[in-house]
Structures are given as C-alpha cells and as structure tokens.
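Report on the following structure.
For ligands, and for the atoms within them, numbers begin at 1 and follow the listed sequence.
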Amino acid sequence: MFETLTDSFTSAIKKIRFKDDEKALKKALTELKKSLLKADVHHGVVRGLIAEVEHKTKLAGIGKDQFLDAMRESLSAILNVEGNKGFVFAANPPTVILMTGLQGSGKTTTTGKLALFLKEQKKKKVLIIAADLQRLAAVEQLRQITEKIEVDLHADEAATPVEVVKAGLEKAKANLYDVVLIDTAGRLAIDEALMAELKEVKDVAQPDEIFYVADAMTGQDAVRTASSFKEQIGIDGVILSKYDGDAKGGVALGLASQVNVPLRFIGSGEKMEDLEVFLPDRIVNRLMGFGDIEGLAERTANVIDEKKAKEISKKIKKGKFNFNDFLDQMESMKKMGSMKSLMGMIPGMGDMSKALKDFDMENSKEVKQIKAMVASMTPKEREDPDLLNNTRKLRIAAGCGMSQVEVNRVLKQFKNAAKMAKKFSGKKGMKDLQAMMGQMKGGGFPR
Ligand code: GDP
C-alpha cells in the first residue's frame, strides 16, 4: 500500500545530508518532486506542495526534522478537505446513500463492505437496494455478498431502477431500517445514458449523500472521472478502493486537491472486512513510511475480539509480545486480508510491503520456519523470548530441523519487530521517531 509515495519520501529523506544549508534542501526538494510526479500526483499539486514545504522548512530553520514537519503539515492540509468525515447519519432515519462509480471500480464490493461496517461497528440495521440493472450479474453478486454478510437486500430484476428504488425505500421506512445503500448502475466510461439514469434515481431516492467509488489503480483517470461525476450529479464523498494493490499513493492527494471532495473510506483488500475510515493524519503517517499502529489494531479488532486486540496492543507497548501472541496473530492475520496491506501499517515496515507482493502467508518458508521453531519450544520459552540462551537455541534448532544460524536469524527478526512496534506505538511514538531521525546524521531509515 502506498509504496510508491512511501519509497519516494524515504529516498528524499535519505538524500538530505543536512549540513543545514540551502543546497541540501534544494536537493531534497528536487528528489521529492520527482517522486511525487512518479507517484502520479498532478504537477500543479506537486508545485504547490514543494513550494510550501520549502517555505515552511526555511521559516523553521533548515534541518531534517523541520523538513519532515513541513511535509507532514502540507500533506495533512491537502488531505483535510472540508466536509463530512467517515459515515454521517441523517437526523431522520433511514440515512439514504447512493453508491456510484464506474463498472469494475469496486462499487458493488464496497457497498457490501460499507454495509458490514455499519452493521458490525455501528450496530445499524442496513438495507441494500440493487439498482444496478444494467448488469444483471451485479444483482447476483450483491445477493451473494449480502447473504455472506447477513444484510438484507431488496432486488427485483423485472423492475426499472426507479421502481426498485421506490419500492426499496418504502420497505426501508416500513421496517425501520437505519441505513439504505443503493447500488447504482456503472458503465465502463461515463456516458449520457448513465448520467440520465443516475439523475433519475437521485430524484426518486433523495439521498442524504452520494458516494463515489474510485479505483485507486486508475490514478489520474480516477481523479478525472470523480470530477465529472461531481459536476454532473454532485458527490459528497469519495471511497478509494483497491488502495492495497499497486496503486500509486498520489491518487489520494489528487482526489483531495483536484476534486475537492472529502475522502471518506478506503478499500484495502478484497475481503468484506477490508474497509477503513479515511483519517488524513493516519494516511500521512503511512505515506511517510511511519506506519499506523492504530489502524493495525483496529483491523485486528475486526476479526478477533476487541479485548484480545487491546491485550496485544498493550503487550506491544510494554515490550512483552511473545511467541504465543505471535501464533495468535498469525492465525487471525489469515482472516484479516493480505499480508502486504498489513505490512504498510507497521512502523518502519512500509518498504517491506513491496517485497511481500505475492506473499503467501500459510505456505511461505519463513512462516513455516517460525511455526516449526515455536513448536519446538517449551511453554515457558514461548511466553518469554528472553529465556532463549545458546543451549536452548541448539535444542530448538535440532527440534525443528533448522540450522542454529537460521534460528538466530529468525529470533533476531522477531525481537527487532517487537522492539520497533513498542518504540513507535505510544503517543510519543511519532516524536520519538522524528527525534531519532534527526540524530541519524548519515540518513538511513529505520527498518
Ligand atoms: P463494480 O463493477 O464496480 O461493482 O466492481 P466490483 O465490486 O465487482 O469489483 C471489481 C473487482 O475489484 C472485484 O474483483 C473485487 O473483488 C475487486 N475489489 C474491490 N474492492 C477492492 C479493494 O479494495 N482491494 C482489492 N484488492 N480488490 C478490490
């Protein structure tokens, strides 16, 4: 997730050997500019951002910390578009949302994800109306999705979109639904017929808000189409789907600055649980490669129970994360979605996500090795990684058929990960990280 932008920031930061002079700053800015353009950020936005970062850094006094602060502030400002955040409920239920987007953007999947989010996290009674009658497979797809997530569906293949919406809304009112999500027709590209149909549906539905689902993989195209939808039918929020793929991170900046509609949620995987509320500051952290411990904990909480997630997060903070927790995590990660999207959330691991492109959790050699190693440990050793002295390591190595060197390597990785997680998980985490980066004269990014 976000790798292109994260990589660029990382390399820009590395480039700065700040001897506190303007030449170093210029070099860093040039690097940043190149990488922003590569990440598909519109040149106008890049120009503005660079000018702002330069101005702010100079005002604060040239240095690595000041450069990072300026970047953070400027990115936050771009992503913080005025308007509603997350999901907003209407004063009088049901809250009616029109879900729009091009075919293949992930609109139908996202409608299901949003319904699950409202049902599970907000404890709301949700009805989905299948008004995408252009593509009958879409109705069938919604039927499968709603059965899986146990959310009600109103569908009628024989009716017109307007009729379906009317009947669905009546049903919602009569049965006291809290939220109605209307899945509207999509096309491969914007055309007049599509817009006419959407306008008709909009008139009947009188939605509280219109969400536009934008496919992050389509870069500047997503920005252009979102602008068109905004002009023609008016949109109140954007949900950015497929932000877990090879999406260029810049699209979030483009949508925020060029379309000027708040991003509300991001889709980060194919599973129904893979939807997150869009929080600008969190995204800025991730864009800058600082990770997102909170997001990770929330994702975990969606699939395992909240109590357990809190316990684990507490353990990480106390530096007491042990092998049993690790196995627990492995089990729940299987349910959680791609490893790659999770890696982006772990501090300092942003870079790793690229290496994990097609990482197959259950069949990877590394995970198998760790599991075999843990299986050869005594219960006490699993509880307390510090117990592992050389004698114990030798025994474990023999038990799991690994060399001692391999055992040491795996242990070291485990300890480093636990240490990093602890260091950056507290409230002070970001400040610590920035201070540490300030100290690292020669560059080099924490891994
Ligand atoms: P629609 O035509 O706009 O309704 O698109 P669909 O909902 O059918 O989605 C198209 C494809 O994108 C499907 O294969 C989905 O599984 C996939 N998809 C949707 N959202 C995401 C996402 O956030 N991440 C990933 N990796 N795939 C997604």
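Those atoms of ligand 1 with a heavy atom of Ser268 less than 4.0 angstrom away are 23 (O). Below 4.0 Å from some heavy atom of Gln141 lie the following atoms of ligand 1, by number and element: 6 (P), 7 (O), 8 (O). Annotation for ligand 1: atoms under 4.0 Å from non-hydrogen atoms of Gly267 are 23 (O). The Leu102 neighbourhood of ligand 1 comprises atoms 3 (O), with distances under 4.0 Å to a heavy atom of that residue.
For the pair Lys242 and Glu270, the salt-bridge criterion is not met [side-chain N within less than 4.0 Å of a carboxylate O]. With respect to Lys107 and Asp183, a salt bridge is recorded, a charged nitrogen being found less than 4.0 Å from a carboxylate O.
In the model, Asp132 has no side-chain atom that pairs as donor or acceptor with a side-chain atom of Thr108 under 3.5 Å.
No more than 12 heavy atoms of other residues, nucleotides or ligands shown are found within 6.0 angstrom of NZ on Lys166.
Comparing Glu276, Met99, Lys107 against atom 3 (O) of ligand 1, the shortest heavy-atom distance belongs to Lys107. One option in Met272, Lys242, Lys113 has a heavy atom closer to atom 28 (C) of ligand 1 than any other, and that option is Lys242.
Polar contact check, Thr110 against ligand 1: no nitrogen or oxygen pair lies under 3.5 Å apart. Considering backbone and side-chain atoms alike, Gln103 places every N or O at 3.5 Å or more from each N or O of ligand 1. Considering backbone and side-chain N/O atoms, Thr108 comes within less than 3.5 Å of an N/O atom of ligand 1.
Taking the ring centroids of Phe117 and Phe87, they lie at or beyond the 6.0 Å cut-off. Ring centroids of Phe265 and Phe278 are separated by 6.0 Å or more, keeping the two rings apart.
Looking only at side-chain heavy atoms (C-beta outward), Leu169 and Val96 come within less than 4.5 Å of each other.
In this structure, Gly104 is part of the shell of residues with a heavy atom less than 4.0 angstrom from ligand 1. For Gly101, the closest heavy-atom approach to ligand 1 does not fall below 4.0 Å. Taking a 4.0 Å cut-off on heavy atoms, Ala138 fails to register as neighbouring ligand 1.
With rounding to the nearest 0.5 angstrom, the CD1 atom of Ile149 is 9.5 Å from the CG atom of Leu114.
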